Visitor: 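Let me begin by handing over the structure; questions about it come next.
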Amino acid sequence: MNRLTDDLFGGAPKLKTAPVLVPMPAPRAYSYSVPDDMAVEPGSIVQVPLGSRLVAGVVWDRLGEDDVDPKKLRPIAKVFDCPPLTKEMRAFIDWVAAYTLTPPGLVARMALRAPAAFDPEPMIEGLRFTGVRPERMTAARERVLALVDEGFPWTRSGLAHAAGTSSSVIDGLAAQGSFETIFLPPPPVVARPDPDYAAPRLEGPQTDAAADLVEQIRNGHFAVALIDGITGSGKTEVYFEAIAEVLRQGRQVLILLPEIALTASFLERFQDRFGAKPAEWHSDLAPRMREKVWRQVTTGEVRVVAGARSALFLPFEDLGLVIVDEEHDPAYKQEDRVFYNARDMAVVRARIGNFPAVLVSATPSVESRVNADNGRYQVLHLPTRFGEAALPDLHLVDLRRHPPQRGGFLSPVMIRAIGKTVERGEQALLFLNRRGYAPLTLCRVCGHRFQCPQCASWLVEHRFRGQIQCHHCGYAERTPEACPECGTFDHLAACGPGVERIAEEVEKHFPEARTIVLSSDLMGVKRLRLELEAIAKGEADIVIGTQLVAKGHNFPLMTLVGIVDADLGLSNGDPRAAERTFQLLSQVTGRAGRTGLKSHGLIQTYQPLHPVMQAIVSGDARDFYEREVGEREKAMLPPFGRLASVIVSADSRAEAEGHARGLRQSAPGISGIAILGPAEAPLALIRGRHRFRLLVHGQRSSDMQAYLRTMLANGPKERGSILVQVDIDPQSFL
DNA sequence: AGCACGCCGACT
DNA sequence: GTCGGCGTGCTC
């Protein structure tokens with residue numbers, strides 16, 4: 001008995017029905033009738049009428065309680081000729097939906113993000129030589145027949161092109177019976193990677209780590225490994241061996257990367273090892289390519305996908321391994337529509353599929369570190385650099401002892417180091433994680449500060465563009481010449497540095513040096529790639545960059561890395577500030593020393609004793625992580641213990657901050673407040689329009705609720721805020 | 001989420 | 001007189 005077949009009419013004629021997840025925020029699947037001549041099974045991808053339009057949906061396992069009026073049932077329009085979603089994929093979608101409190105239809109929609117891909121790609125028309133030679137021979141015909149003699153099929157235009165003729169020659173031969181038309185399967189988007197294409201280049205601890213991973217793959221069960229290795233230690237080469245083993249088993253592999261790390265150089269590295277590129281999956285893939293990749297992933301034709309977080313929802317035919325590279329990267333969090341952290345959901349995907357997951361980072365997230373300490377993850381440690389690479393010498397520059405000149409932001413120590421580097425013909429990288437010229441502008445006459453009219457943040461001056469901009473909401477206006485408050489001209493003062501201002505200072509000290517600013521607002525991705533290539537070739541002496549210089553690219557001549565303001569970001573109230581700063585500074589200083597040249601890092605700070613600075617210069621982060629775990633416990637951030645807590649949710653960070661301020665004043669029993677984005681998975685307990693969560697923890701949750709009710713009742717922005725008391729089990733994703 | 005329906009302001 | 005803004009409500 002087909003369990004999808006429900007007898008809705010007692011003795012009346014039987015009507016086949018099926019539950020279908022539709023791309024809509026309904027709490028459960030909808031019922032559709034199945035035409036007599038149609039066969040569906042759980043996982044079938046179908047087209048159904050919904051309101052006035054046709055949408056793609058998935059036949060689901062169960063309907064749940066069903067009280068829908070049978071008269072409302074509409075028939076499934078068609079079943080796509082496409083492999084059904086596997087049982088694992090369906091279980092994954094249900095799990096993610098339940099965990100993130102997202103309607104299952106919206107999660108399923110993420111797996112169907114390739115509009116026209118559900119029907120098979122059309123076959124390619126090809127020609128094969130029949131052995132029949134034409135009565136009359138010509139030179140052009142001769143050339144064509146010489147090519148086809150080997151018996152392989154050709155496309156009509158391909159053959160004409162290869163023979164240097166027009167396609168009418170081919171048509172003429174076909175009319176003589178020289179060719180038969182055959183249909184060829186569409187070409188694969190990428191060639192099959194060969195696990196034994198190039199021998200692995202492994203040494204020392206890499207060999208053991210790779211052997212451990214291969215062993216895990218051979219066991220073929222769920223397990224999580226954390227590759228914890230410093231920059232340049234060869235982490236990629238190690239997980240490539242795990243991939244090779246999965247390929248030998250004939251199963252598929254998913255490599256998750258933060259979008260920005262999906263570079264040509266990564267794909268080339270993969271190709272060097274496996275003889276073919278992985279298929280790419282990210283948001284700006286051309287639609288046609290997107291469909292092909294989706295299709296070939298479902299059929300198993302594509303064996304390895306390298307993708308951004310959304311690739312996690314691709315319906316693999318037989319996934320056998322998931323890798324999460326740069327697992328600490330905040331880009332894994334999706335904070336719109338469906339809120340999830342792809343790193344955590346990758347672990348869930350592996351558990352449901354009963355295969356290994358590998359998390360990779362030079363600076364693991366505190367969450368992963370805790371999971372490793374608790375024995376949930378196996379740690380593979382790579383403590384040394386690979387090959388020629390040597391770690392840069394790192395030194396703190398105490399800005400209290402070596403202050404910059406008046407009006408400047410670079411310490412004399414830093415300026416001397418830049419000078420020596422440039423003299424040697426090497427490159428210097430100055431890192432400041434702040435776009436624009438100055439983060440705050442004020443009037444020296446009346447004290448007016450330029451503030452965004454739409455939100456509350458300061459307007460940032462962008463001198464190259466002649467604008468002042470809000471980095472929060474995107475508001476921008478031309479830089480005014482006079483103070484809008486008191487009308488005074490020429491008395492507006494720029495406060496604090498941005499990369500543009502550092503460039504100005506550098507140009508003053510080194511007028512002959514070739515200086516370039518790399519900032520996301522100054523160039524598109526294409527332009528950026530060109531600039532990065534030019535820099536790698538030595539076409540710049542001093543590079544000044546924001547966050548985007550932290551990732552990926554290697555600069556062989558880069559022997560000095562200078563952090564302009566290492567303290568930036570430590571004081572913004574984010575409970576993860578120290579961890580983020582540590583990760584960012586590690587990445588940036590890791591840009592130096594990738595070749596044999598001796599390299600240095602100078603870190604300007606007012607807090608040389610801060611644990612982040614100590615961890616960075618000592619290269620030993622153990623104490624730092626231990627401390628961070630303690631701080632997290634105090635702030636009640638995941639992934640710790642089971643807590644009785646209260647969560648307030650708000651529509652914006654500003655609103656959440658307002659609530660936090662109010663709470664600190666009005667509720668003395670509070671022991672911790674943390675403001676979280678919606679993808680903090682274990683806290684994904686409130687849905688709706690609310691975008692930020694304020695997790696408040698106190699001695700007694702009933703007291704907390706009372707405080708919160710009072711505060712929200714009196715607050716000016718209470719609209720849309722709700723209260724929930726919850727028990728959180730932050731480890732529940734395992 | 002998407003789309004239709006519905007009720008009030010500036011324009012061919 | 002219409003085009004079009006986005007508020008409200010519904011979809012098996």
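Source: prediction; values computed, not measured.
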Visitor: Taking atom P of B:dG2 as reference, at what distance in whole Å does atom CG of A:L106 sit?
Guide: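 Nearest whole value for this atom pair: 9 Å.
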Visitor: Rounded off to whole Å, could you give me the CD-to-P distance for the A:Q47 and C:dC12 pair?
Guide: 14 Å
Visitor: For C:dC12, take OP1 and OP2 only and decide whether either is under 4.0 Å from a side-chain N or O of A:R74.
Guide: yes
Visitor: State plainly whether the residues A:R90 and A:D61 are in salt-bridge range, i.e. N to O under 4.0 Å.
Guide: yes
Visitor: If the threshold is 4.0 Å, N to carboxylate O, is there a salt bridge linking A:R349 and A:D344?
Guide: no
Visitor: Atom OH of A:Y32 to atom C1' of C:dT11: distance rounded to whole Å?
Guide: 7 Å
Visitor: Hey, could you give me the OG/CD distance between A:S283 and A:E259, rounded to the nearest 0.5 Å?
Guide: 3.5 Å
Visitor: Give the rounded distance in Å between these two atoms: CG of A:L54 and P of C:dT11.
Guide: 17 Å
Visitor: Closest approach to the side chain of A:R109, judged atom by atom: which nucleotide of C:dC12, B:dC3, B:dG2 is it?
Guide: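 Of C:dC12, B:dC3, B:dG2, B:dG2 is nearest to the side chain of A:R109.
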Visitor: Name the residue from A:R465, A:R527, A:R435 that meets the salt bridge (charged side-chain N to carboxylate O under 4.0 Å, His left out) definition with A:D521.
Guide: A:R435
Visitor: Does A:R28 have a side-chain nitrogen or oxygen under 4.0 Å from the phosphate oxygens OP1 or OP2 of C:dT11?
Guide: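 Result: no.
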Visitor: Quick one: A:L73 CG to C:dC12 P, roughly how many Å, whole number?
Guide: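 Result: 10 Å.
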Visitor: Measure NZ/A:K16 against C1'/C:dC12 and give the value in whole Å, please.
Guide: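 Whole-Å distance recorded here is 17 Å.
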Visitor: Among B:dA1, B:dC3, C:dC12, which nucleotide sits nearest the side chain of A:K72?
Guide: C:dC12
Visitor: Measure from the side-chain heavy atoms of A:S52 and tell me the nearest of C:dC12, B:dA4, B:dG2.
Guide: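 Selected nucleotide: B:dA4.
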Visitor: Round to a whole Å and report the spacing from CG of A:L21 to C1' of C:dT11.
Guide: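 It is 15 Å, rounded to the nearest whole Å.
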